[in-house]
Structure formats: structure tokens, C-alpha cells
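Just so you know, ligand 1 is whichever comes first in the structure, and atom 1 is the first atom listed for that ligand.
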Amino acid sequence: MADATLGGSTEAISATELAEIGLRCEVDGEIATITLDRPERRNAQTFATWSALARIGESLPGQVRVVVIRGEGPSFSAGIDLRMFTPEGVPGQGSFGTVATLDDAAFEQAVAEAQRGFLWLRRPDIVSIAAVQGHAIGAGFQLALSCDLRVVAEDVRFCMKEPALGLVPDLTGTKPLVDIVGVSRAIEICLTARTVGAEEAYRLGLAELVVPGEELPAAVRDLVAALLATNRDAATATKRLLRAAPGRTLEEQAAAERAEQALRIRALFASS
Ligand code: ACO
């Protein structure tokens, strides 16, 4: 497996920098595996986590087709680092007390920067998979939601805790949640801040696959192998179509299918 230093189009981020933030990233051919690696804090996330995720996305080597996000230890992620709620905050990153004093433009910029860490996972040229065991709370749930697919262990516990803490979920999780479970169920899940377990997650479409915890790595490997077996350009075009479908009319979607297929068929026959 390659060193974690990434070398895409933007400035690379080193394994040492990532380790200081509590992340690892390993690139093995067409597969990138990002690991939340602060198990002693249940992989709690900070602003540095989100900036690093954004940089990983921006510098991802061009050959990568599948990105797996996983968490070390018993929990996928216990959400935002709760030290953000203390006056001392997280060393070097301040606290919500300092964030609250930002003017509108600076606040907007700070949250947009955090959201960049999540948004790239929808890119059409990759398929992102969250491998989720144990707790996925708040920012942890939103990180899993920002992936295309979720493979979960039987002990998974999703929870959108933000409203219980006086916040809204703002790490791009509300849109996929509503798209998957519908507005009413999303309201119920978020406004009660209750836990969603594996069986319900599967039934609601929040998980594509539920497996015993010890089988999670193998289940992800099998899924990755199946995804890599398809034609890359066709997979990219198909994901682009599927991601755009909810925002289009049937006629618009049919036109988009024609346009993508024209490119595909011309490319196939040009190369034969
Ligand atoms: N931020 C900072 N540290 C955390 C966090 C967190 N979000 N979650 C857990 N930790 C730390 C604990 O303080 C503890 O540290 P310690 O060993 O120094 O005491 C260690 O991780 C282990 O945590 P435990 O609570 O002992 O682990 P357990 O497995 O029993 O429980 C659980 C895990 C359920 C995730 C629990 O830690 C928890 O409820 N955490 C807080 C969840 C939360 O409210 N997150 C914010 C959501 S809102 C948002 O993300 C925007």
C-alpha cells in the first residue's frame, strides 16, 4: 500500500500532518481508504479534520475510483469534538465561543470551509463508501451520509444529535437524509435526536448492507471489487445521471441520458 502522501492537482498533505489531525489516508491503486484515527476520542472531528478531508479530496490521485471512509476503534465517529463547547476549545482551533464572535462573512467562510470536507465525496468520478460500526453521531452521521453508499455493522448507532445541543446539522447531511428517508422521517429523526440502529437503517435505505462487525472489512472489500469491475467512464457518467435525477423532470432526465449515451457510444466506437 502506498505512502499516505497524496499527489494530485493541489498541494499534497503528508501522513505526518494527517496523523496530527487524527486521520490516515492510504492509496492502493484505484482505492483510497481514509481512516478516522482518534479512537481514544471515538474519532471526534474538528475543523482541522474537515480541512484535511477537503485537501485529501482535492489532491486525490487521478487513478482513484473508490474512496472508503472508516473509523478506527469501536465507533465510526462520535461527532464534533465536544471541547468546542468549552471556553478553552480545541487547542489551536478555538471554540464555538470564538466562532460566535465572527461577522457574517467570516462565519459563512468558516462553515463553507468545513462543508468542503464533505461535498467532494459526491463527485461523479469516484464512488464513496462509509464503513460504519458503532456510533455515528452528529458530524459522524453526516460524514456517513455524504458518502454514496453505507455498509454498516450490526451494532451501528446513527444519531443526529445537533438539535439536542442547540445546533442544526450543517455539514451537508440534511439533503441526503431527506433524499433517502423523506422529509417527515428526517424531521422525526433529527428533532428527537434519537438513535437509528442497523435494522431500521437498512429498512430506511440509510444502509445498503448490514453485516456482523467482524465481517465489515470483507463486506467492503467485496463491494469495492464489484464497483471496480465496471467500466470507469460509464460508471462516472451513470453516477452523474443518478445524482442529478432528483432535481430534474422526467423529460430533462431523458435528455440527459441521451447526451451521456451519445458520448459513451462515440467513445466506445472511437476506441474499437
Ligand atoms: N468529543 C470529544 N471527546 C469525545 C467525544 C466527542 N464527541 N466522544 C467521546 N469522547 C471521548 C470521551 O470524553 C472519552 O474520553 P476519556 O477516556 O478521556 O474520558 C473517550 O472519548 C471515550 O468515550 P466514552 O464516552 O467513554 O466511550 P463510550 O464508548 O462509552 O461512548 C459515545 C461512546 C456514545 C460516542 C459517547 O462518547 C458520546 O456520547 N460522545 C459524545 C457524542 C456527542 O454528543 N457528539 C456531538 C454530536 S453533535 C455534532 O457532531 C455537531
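Checking only distances, L82 does come within under 3.5 Å of ligand 1, N or O to N or O. When only interatomic distances are considered, the shortest N/O to N/O separation between H135 and ligand 1 does not fall below 3.5 Å. The N/O atoms of G138, backbone and side chain alike, include none that comes under 3.5 Å of an N/O atom in ligand 1. At a 3.5 angstrom cut-off on N or O pairs, R42 counts as close to ligand 1. Remark: ligand 1 and L167 share no N or O pair separated by less than 3.5 Å (distance only, no angle test).
From the protein, the heavy atom lying nearest to atom 7 (N) of ligand 1 is I80 O, 2.9 Å. For atom 44 (O) of ligand 1, the closest heavy atom belonging to the protein is K161 NZ, 2.9 Å. Scanning all protein heavy atoms for the shortest distance to atom 5 (C) of ligand 1 gives R41 O, 3.9 Å. The nearest protein atom to atom 39 (O) of ligand 1, hydrogens excluded, is given as I137 CD1, 4.3 Å; this is a heavy-atom distance. Atom 51 (C) of ligand 1 has E162 OE2, 3.3 Å as its closest protein atom, hydrogens excluded (heavy atom only). Given atom 8 (N) of ligand 1, the protein heavy atom at minimum distance is A78 CB, 3.3 Å. Protein heavy atom closest to atom 48 (S) of ligand 1, with residue, atom name and distance, is L165 CD1, 3.5 Å. For atom 20 (C) of ligand 1, the nearest non-hydrogen atom of the protein is E40 O, 3.2 Å.
The 12-atom threshold is not exceeded at CZ of F107, counting heavy atoms of other residues, nucleotides or ligands nearer than 6.0 Å. Residue-environment remark: CG (D104) stays at or below the threshold of 12 foreign heavy atoms within 6.0 Å. Summarising the local packing, CZ of R70 is surrounded by more than 12 heavy atoms from other residues, nucleotides or ligands at distances under 6.0 Å.
At a threshold of 4.5 Å between non-hydrogen side-chain atoms, the residues F85 and I80 count as touching.
Close contacts of ligand 1 with A44, meaning ligand atoms under 4.0 Å from a residue heavy atom, involve 1 (N), 2 (C), 6 (C), 7 (N).
Distances from atom 27 (O) of ligand 1 to the protein include at least one heavy-atom value under 4.0 Å. Per-atom contact check: atom 12 (C) of ligand 1 does not touch the protein, criterion being a heavy-atom distance below 4.0 Å.
Without hydrogens or angle criteria, N43 side chain to S75 main chain gives a donor-acceptor distance under 3.5 Å.
When non-hydrogen atoms are compared, ligand 1 lies under 4.0 Å from the backbone of A139 as well as from its side chain.
Taking the six-membered ring where the residue is Trp, F96 and F47 present perpendicular rings, their angle passing 60° and hence far from 30°.
In this model, a donor atom of one side chain and an acceptor atom of the other lie less than 3.5 Å apart for T49 and T46. Checking E113 against W50 by side-chain atom types alone, no donor-acceptor pair falls below 3.5 Å.
Salt-bridge annotation for E30 and R232: absent, with no side-chain N of the basic residue lying under 4.0 Å from a carboxylate O of the acidic one.
V68 and L18 fall into different hydrophobic clusters, where Ile, Leu, Val, Met, Phe, Trp and Tyr are joined by side-chain heavy atoms under 4.5 Å apart, directly or via other members.
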